[in-house]
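To keep things clear, I will list the structure first and then write my remarks on it.
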Number of protein chains: 2
Amino acid sequence: MTFDEVLADLQAQAKTTKHAETGLWVAAQLRSRIEAGKLKPGSKLAEEALCEALGVSRNTLREAFTALHAEHIVTRIPNRGVFVAHPTADDVREIYRVRRFLEPAAVLWAGDTSMERLSGIIKAARAAAAEGDISGMASANQDFHRAIVDRAGSERLNSLMDQVLAEMRLVFHSMAANPAFHEPYVEDNAKIVELLEAGNLAAAADFLAAYLDRAEAQLLAAVER
Amino acid sequence: MTFDEVLADLQAQAKTTKHAETGLWVAAQLRSRIEAGKLKPGSKLAEEALCEALGVSRNTLREAFTALHAEHIVTRIPNRGVFVAHPTADDVREIYRVRRFLEPAAVLWAGDTSMERLSGIIKAARAAAAEGDISGMASANQDFHRAIVDRAGSERLNSLMDQVLAEMRLVFHSMAANPAFHEPYVEDNAKIVELLEAGNLAAAADFLAAYLDRAEAQLLAAVER
DNA sequence: AAACCGACGATTGTTCAACAATCTCGCGAC
DNA sequence: GTCGCGAGATTGTTGAACAATCGTCGGTTT
C-alpha cells in the first residue's frame, strides 16, 4: 500500500469514528496500519498530510508520534520527520536479548498455569499450518509467546512483551518474508506445551531458550543481507 | 516541602538554565523533585501554577506530564489533573512481580560478568552503613539491583528496571520511612556477590529470590497500614 | 565538466492564546 | 439534612504563528 492510499483510508476512518482520547486514537490508527504492513518500514510520515487525513491538529498528531516513538515503532530524525522504524541487526539482537530473559523465566517461575489457553493456541496453529495459512501461523505464534509471558501475571512484563512482538512484526515486514519461516515453530511450540503439561519446567525452558537462539540466528541472517 | 515552595524553587531554576529540549527538561525537573521527596505522593500538580513557575506554556508542561505518566511517576485523572503517584499494595505486588523475574534471570543468565562494579557498590554500601548514612545505603541498594539487571546488557530491561526502581522510591516516600529498613540488605547484597564470585549462580539466584520475597512482605505490611 | 557554495522553499520544532468540555463548590429549595 | 442546579475554575483540544533546520536548485570557480 502506498502512503497516499493509507491517507485515503485514514480519512474514511476519521469521518465515521468518534475519538474519546484523540491522541491515543490517532496513535492506535497509525499503529494498526504499520503493524498490518500497510505502512512499510522506512516510510516517511508527513505531518501535514496526516493531519488533514485524520482531521486532527498537528499538535495532536505529534502527541501520537511521541507515543509511537516510545514504543520503538517509529524513528524520529530531528528536523527531518518521523519514519516507520526499520529494525537493524542490533535491534534484532536486543529483541532476542529481552525474549531470552522473559520467556524462559516465565516458563520456570510462573505461578498459576492455565494450560487450556496454550493448547488452544497450538490447535489454531496446527489448523493454520494444515491449510498453509501463513498469517494464521504467524499470529498463532505471536499469541503463543504472548501467552507464555502472560503466565507471569505482570502488566508491565506483558506490555514489554507486546512492544517486543510489535517490533518483531516490523522485522518481518522489513525483510522479504520467507513464507515457510513459521512452519517449523508450530511443532516446537507444541513440544513446549507438552513439556509444561508433564511438569518438566526446566526442560521446557531449555528447549525454549535453544529455540529462541535458533530463531535469532535465522532472522539475523535474513536481516544482514 | 510544600507545593508552593517547590514552585518558587522551580522558578529559580527556570531563569538560570537553558532548555534545549524544553519538554524533556521540564519532565526532568519535576522527576527529580518528585524522587527527592520534595513533591509528596498524592500532591496535585496544577497546570497553571507550574506553567508560570517554569516559564513554559501549558502545552509544553503537558508534554512533560505524558512522559512522567508513561513512567508511572504521576497519575492522570481525566478532567481532574495529574497527581504524584501514590503506590498501592497492588503496585508493590506488581513491582516485585517484575523484580522476581528480572533479577534472578539476570543473575542466572547474564553473559559477561563485570564483578568490580558490584563489589564497588558493596563497598560503598558498607561505608554508608558504618556511618549510619540512611540515604547512602538506600542509593547503594538501588545501584546494586540496577547493576544486577544491567548484566543482561539489554537497554529495554534496564529502562524497565529503572522505572520499577523509581516507583520503589515513591513507595518509600509514601510511607513513614523506617530508618533501619535498608540496613540488613547491605550484607544480603554482599552475600549475593560472594556467591556470584564463587560461580554458584543457582544459589545466588535462589538467595536473591528469597530476599525479594522478604522485602515485598515487609513493604506490603508497611503500605497496608 | 565537475565540484563547491549560497539563497530559496519546504518541513519540522516550539510556543501561544482561544474555545469547548468537564468537574468542584456553594447556594437555595424541598 | 439531602438533593439539584448554576457559577467558577481547571483541564482537553485545537489552530495559528514564529523560529530553526534541511534539501534543492542555480550560479560560480577551478
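This is a predicted model, so every value here is computed, not measured. Here is the naming used below: chain letters follow the sequence lines, and residue numbers restart at 1 for every chain.
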### Task
Keeping the roles fixed (side chain from R97(A), backbone from G153(B)), state whether a donor-acceptor pair exists under 3.5 Å.
yes

### Task
Check whether any side-chain nitrogen or oxygen of R62(B) sits under 4.0 Å from OP1 or OP2 of dG12(D), and answer yes or no.
yes

### Task
Write down the distance between CD1 (I77(B)) and C1' (dG12(D)), rounded to a whole number of angstrom.
15 Å

### Query
What pairs meet the side-chain hydrogen bond (donor to acceptor under 3.5 Å, both in side chains) rule with one or both residues in residues 69-78 of chain B, with sequence neighbours excluded?
R156(A)-H72(B), R31(B)-E71(B)

### Task
Could you please name the option among dT24(C), dT12(C), dG15(D) that lies closest to any side-chain atom of N59(A)?
dG15(D)

### Task
Mind calculating the distance between CD (E47(A)) and C1' (dA10(C)) to the nearest angstrom?
12 Å

### Task
Round to the nearest Å and state the distance from E52(A) atom CD to dG15(D) atom C1'.
13 Å

### Query
How many Å lie between CD on E63(A) and C1' on dG15(D), as a whole number?
15 Å

### Query
Is any side-chain nitrogen or oxygen of S57(B) closer than 4.0 Å to OP1 or OP2 of dT15(C)?
no

### Message
Distance check needed: dT21(D) C1' versus R76(A) CZ, whole Å only.
### Response
15 Å

### Query
Under 3.5 Å, is there an N or O donor on one side and an acceptor on the other linking the side chain of R58(B) and the base of dG12(D)?
yes

#### Entry: Euclidean distance, atom CZ of residue F83(B) to atom P of dT10(D) [Å, nearest integer]
12 Å

#### Entry: Spatial distance of atom CG (L160(B)) from atom CD (Q163(A)) [nearest 0.5 Å]
9.5 Å

### Message
How about CD on E48(B), more than 12 heavy atoms from neighbouring residues, nucleotides or ligands closer than 6.0 Å, or not?
### Response
no

### Task
To the nearest 0.5 angstrom, please state how far the OG1 atom of T60(A) sits from the CG atom of L24(A).
11.0 Å

### Task
Verify the contact: side-chain N or O of T60(B) to OP1 or OP2 of dT15(C), cut-off strictly under 4.0 Å; return yes or no.
yes

## Note on the structure
Of the listed dC22(D), dT10(D), dG15(D), the closest approach to the N79(A) side chain comes from dC22(D)

### Query
Quick one: L54(A) CG to dT13(D) P, roughly how many Å, whole number?
15 Å

### Message
Rounded to whole Å, please give me the gap between CG in L61(A) and C1' in dG13(C).
### Response
13 Å

